[in-house]
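Let me begin by presenting the structure, written as structure tokens, before commenting on it.
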Amino acid sequence: MEAIIKVEGVKKAYKKRKSKEVIQAINDVSFDVKRGEILGLLGPNGAGKTTTIKMICGLLTPDEGSITINGNDMKTQRLKALKHISAVLEGNRNLYWRLTVKENLEYFAGNRGVSRKDAAFLIQDLLHKFNLKHKENELVNRLSRGMQQKLAIAIAMSAETDVILLDEPTLGLDVETSYEVRSILQSIVKEYNRTIIISSHDMDVIQDICERTVIINNGNIVINDSVKNLLKLFEVRSYSITLGGFLSNHQLSLISHKFPHHTYKKETFQSILEIDLAKSEEIYQIIDILKMDETPVEAIDRRNVNFEQIFMKIIKGEKSNAFAQSS
Amino acid sequence: MRLLNLLNANIRKHFIEMKRYLPNTMAFIITFYIIFLAMFAGIKLIGDPSSQDANIQYVIVNYIFWYLAMVVVNDIGWQISNEASQGTFEQLSMSPMGIWRIMTARLISSTIVNFLIIVALLYISMATTGQWLNIDVITLLPILVLTLISMFGLGLIIAGMTVVFKQIQAFLQILQFILAALVFVQSNVLPFLVFFPIVKGVELVRNVMIDGVSLSQIAVGDFLILGFNAIFYFIVGLGIFIYCERFAMRKGLLAHY
Ligand SMILES: Nc1ncnc2c1ncn2[C@@H]1O[C@H](COP(=O)(O)OP(=O)(O)OP(=O)(O)O)[C@@H](O)[C@H]1O
Ligand SMILES: [Mg+2]
């Protein structure tokens with residue numbers, strides 16, 4: 001499938017106003033997003049997610065490199081490129097608080113050149129879908145944070161663009177609202193064939209919704225892979241070994257030396273060793289260590305890892321060699 | 001058609017906000033009226049009685065024009081300054097219509113929505129002073145339109161500066177007085193002043209409203225100056241605004257937080 005978004009060799013530095021200190025927010029980032037794809041943009045605080053999203057939205061000009069939306073270069077054909085893009089940016093900063101829910105939807109449609117009459121049907125549809133119909137005449141500043149966020153997403157949807165970018169759509173929402181926003185996002189994915197980029201700290205959002213993820217850290221891409229692959233990769237190499245006895249101190253020190261990131265738990269009659277392998281062959285080394293004292297092995301299980309754990313590992317750089325191999 | 005929808009949406013928004021925050025709107029108008037009363041009282045108390053009528057008429061026209069300049073030029077600065085800190089400015093900047101078209105639509109809608117208020121203020125001040133001016137719409141209209149276009153240019157310059165500089169509020173306060181100076185100054189003091197925005201327009205309006213000059217009596221040269229100013233300031237304003245927008249996009253200044 002063709003790429004609707006192309007980010008090629010993009011760099012961006014900010015200069016602090018007072019100290020003149022230069023912050024290299026994005027180092028050299030390239031990735032594509034295919035039409036209809038749902039991409040998760042992950043990274044710790046300050047990684048450069050918002051910077052990347054704003055450059056794709058044409059709100060920030062890259063220092064180097066290019067961004068193309070549906071074949072339109074963001075630098076030379078910005079307005080054409082913007083026809084294909086809408087976004088919900090960080091925080092509850094996307095709405096006019098002095099206008100009502102419906103007035104907001106109408107005003108933003110107007111700013112894209114669409115009349116109230118032409119937008120009316122779509123707006124009603126979205127109000128129903130987002131469960132905002134009963135609030136249509138309420139002022140935005142009287143809405144809860146969750147409703148505001150839903151409205152912001154509805155406005156982005158109302159532009160009917162191919163691409164929607166969402167920067168931290170569930171940040172600052174309580175569990176219930178966050179869940180509701182997530183299910184709305186899921187239904188958007190199912191019902192409308194949109195290309196979506198979501199940045200989030202919320203791994204559930206990424207695991208539930210996204211097909212692929214780009215993980216950035218310190219302005220560099222560390223991973224660009226499908227969520228499925230990442231899960232599989234880590235599942236294969238994370239083992240939980242149930243032992244019918246206990247490890248000797250000698251065995252433990254060997255394991256600690258070779259696999260610094262293991263955990264070892266003693267129970268009454270058993271003990272459990274949890275271990276992540278960089279290469280699948282390393283399982284033999286474990287077996288060898290167990291064999292030394294003839295420790296009985298009751299079970300070797302693959303451990304279920306969730307995306308949060310994977311993310312943490314990647315950010316800490318623990319498994320960098322594993323990824324070098326997989327890619 | 002898309003441009004018309006854009007204008008429509010902005011007029012509607014402006015009108016809704018004005019109606020919804022009627023107390024604020026009223027307070028602004030009343031403040032303006034009180035300033036006028038102060039000027040009126042000043043003329044009555046300390047002005048030369050022989051030229052009193054002329055002075056009052058002069059003040060009425062100028063002060064109505066000052067109001068117009070304020071709602072067009074100054075207001076756009078406040079709007080952007082607020083929207084940049086609220087975050088909606090980034091949403092506007094993502095419109096495929098281009099932010100300068102939205103800003104121009106805002107300037108036009110400010111003018112249209114405030115026009116009723118301006119007319120009301122004019123009649124109230126004429127009634128207060130008993131000085132009934134010559135309201136020759138046919139003559140006033142072309143003068144006003146051309147002057148407004150140069151004001152829009154000025155508005156775009158202010159808009160661009162507000163996008164780039166965060167702390168523009170102090171400047172906007174000063175700007176009120178710069179606008180007052182442009183309105184109150186007379187070009188016979190310094191002839192090149194006619195090439196300043198607003199100056200020539202308000203002078204011609206004074207000629208019409210106070211001295212009863214009609215369209216056919218206005219020199220072609222005057223209209224040429226007015227037309228030149230309109231084109232010049234609008235194009236310069238647009239250029240500066242677009243430059244400021246690009247600058248802000250490079251430096252990450254579209255949102256001030
Ligand atoms: N306008 C700005 N001026 C100066 N520095 C900035 C600006 N915006 C971002 N930065 C810096 O650039 C880096 C990347 O910031 P960015 O906001 O893109 O990160 P992020 O991944 O979105 O983080 P978060 O998870 O906190 O939202 C950070 O070090 C940040 O401090
Ligand atoms: Mg961010």
Side-chain angles (χ1 to χ4, degrees), chain A residues 12-15 17 23 25 50-51 54-63 72 74-75 77-100 103-104 106-119 139 152 155-156 159 161 165 167, chain B residues 1-22 24-25 79 82-106 109 163-167 242 245-257:
Chain A
K12 184 77 208 175
Y14 294 107
K15 211 180 270 164
R17 281 210 161 201
I23 302 165
T50 301
T51 305
K54 284 193 180 174
M55 287 193 290
I56 296 174
C57 293
L59 293 173
L60 203 56
T61 318
D63 297 336
N72 304 297
M74 196 42 104
K75 227 181 206 143
Q77 300 163 291
R78 183 169 177 270
L79 294 186
K80 262 189 177 167
L82 285 177
K83 276 193 183 152
H84 303 279
I85 283 204
S86 58
V88 178
L89 298 170
E90 229 171 358
N92 49 350
R93 312 165 45 84
N94 302 277
L95 307 167
Y96 287 94
W97 289 39
R98 296 171 147 205
L99 297 182
T100 67
E103 286 161 359
N104 263 283
E106 288 169 347
Y107 181 62
F108 281 109
N111 268 335
R112 296 183 79 98
V114 181
S115 72
R116 275 203 303 150
K117 212 169 120 231
D118 291 343
L139 287 182
I155 288 170
T161 52
L165 294 107
D167 196 0
Chain B
M1 199 57 213
R2 288 176 65 213
L3 284 175
L4 217 62
N5 293 336
L6 173 71
L7 183 61
N8 223 332
N10 279 287
I11 291 174
R12 209 177 117 80
K13 171 174 178 286
H14 207 116
F15 187 70
I16 290 171
E17 286 183 337
M18 207 152 139
K19 220 172 61 181
R20 194 157 291 155
Y21 295 88
L22 202 60
N24 290 5
T25 315
Q79 283 182 34
N82 288 337
E83 292 204 27
S85 56
Q86 280 156 18
T88 41
F89 194 69
E90 285 186 312
Q91 284 294 336
L92 297 184
S93 306
M94 273 189 281
S95 164
M97 301 294 281
I99 184 86
W100 72 266
R101 287 198 185 84
I102 298 181
M103 287 305 125
T104 309
R106 289 270 181 98
S109 63
V163 171
V164 170
F165 301 108
K166 300 185 185 192
Q167 305 304 333
I242 289 174
E245 184 201 6
R246 300 242 163 99
F247 181 84
M249 274 161 31
R250 277 202 307 278
K251 302 287 174 188
L253 300 175
L254 287 183
H256 300 170
Y257 46 118

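By convention in this document, chain letters (A, B, ...) are assigned in the order of the sequence lines, proteins followed by strands, and residues within each chain are numbered from 1.
Pairing each heavy atom of B:Ala9 with each of A:Gly110, the nearest pair is CB-CA, 3.6 Å. A pairwise comparison of heavy atoms in B:Ser93 and A:Leu59 identifies CB-CD2, 3.6 Å as the closest pair.
The candidate from B:Arg20, B:Lys251, B:Arg246, B:Met97 with the greatest count of non-hydrogen atom pairs under 4.5 Å with chain A is B:Arg20. Counting heavy-atom pairs under 4.5 Å between each of A:Lys15, A:Lys83, A:Lys12, A:Glu103 and chain B puts A:Glu103 at the top. Ranked by heavy-atom pairs shorter than 4.5 Å toward chain A, the options B:Met1, B:Glu83, B:Glu245 are led by B:Glu83. Of the listed residues A:Met55, A:Lys80, A:Arg78, the one with more heavy-atom pairs under 4.5 angstrom with chain B than any other is A:Arg78. Of the listed residues (B:Leu7, B:Leu4, B:Asn10), the greatest number of heavy-atom pairs within a distance under 4.5 Å of chain A belongs to B:Asn10.
Between B:Ile16 and A:Glu106 the shortest side-chain heavy-atom distance does not fall below 4.5 Å.
Interface remark: A:Ala87 contributes backbone and side-chain atoms alike to the contact with chain B (heavy atom separation under 4.5 Å). For A:Leu95, the part lying near chain B is the backbone, with the side chain staying farther off; criterion is any non-hydrogen pair under 4.5 Å. Within the 4.5 angstrom heavy-atom criterion, no atom of B:Phe89 approaches chain A. For A:Thr51, no part lies under 4.5 angstrom from a heavy atom of chain B.
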Practice item. Tell me, with the steps shown, if A:Thr161 and B:Met94 meet side chain to side chain contact (heavy atoms under 4.5 Å, CB included). Key: CA-CA 12 Å; A:Thr161 52; B:Met94 273 189 281; over 6 Å; no
**Study point:** Trace of the side chain to side chain contact (heavy atoms under 4.5 Å, CB included) decision for A:Leu99 with B:Lys13
**Key:** CA-CA 8 Å; A:Leu99 297 182; B:Lys13 171 174 178 286; 4.2 Å; yes
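The pair A:Lys54-B:Glu90 counts as a salt bridge, with a side-chain nitrogen and a carboxylate oxygen less than 4.0 angstrom apart.
Considering CG of A:Asn111 and CZ of B:Arg2, their distance stands at 11.5 Å, rounded to 0.5 Å. With values rounded to the nearest 0.5 angstrom, B:Glu17 atom CD is found 8.0 Å from A:Tyr96 atom OH. The CZ atom of B:Arg250 sits 14.5 Å away from the OH atom of A:Tyr14 when rounded to the nearest 0.5 Å. One distance of note links CD1 of B:Ile102 with CZ of A:Arg112; it measures 9.5 Å at 0.5 Å rounding. The CD atom of B:Gln91 sits 8.5 Å away from atom SG of A:Cys57, with the distance rounded to the nearest 0.5 Å. Here the CG atom belonging to A:Asn94 is positioned 11.5 Å from the CD atom belonging to B:Gln86, to the nearest 0.5 angstrom.
Environment of CZ in B:Phe15: sparse, with no more than 12 heavy atoms of neighbouring residues, nucleotides or ligands closer than 6.0 Å.
Taking the ring centre of A:Tyr107 as origin, the terminal cationic atom of B:Arg12 falls outside the region bounded by 6.0 Å and 45° from the ring axis.
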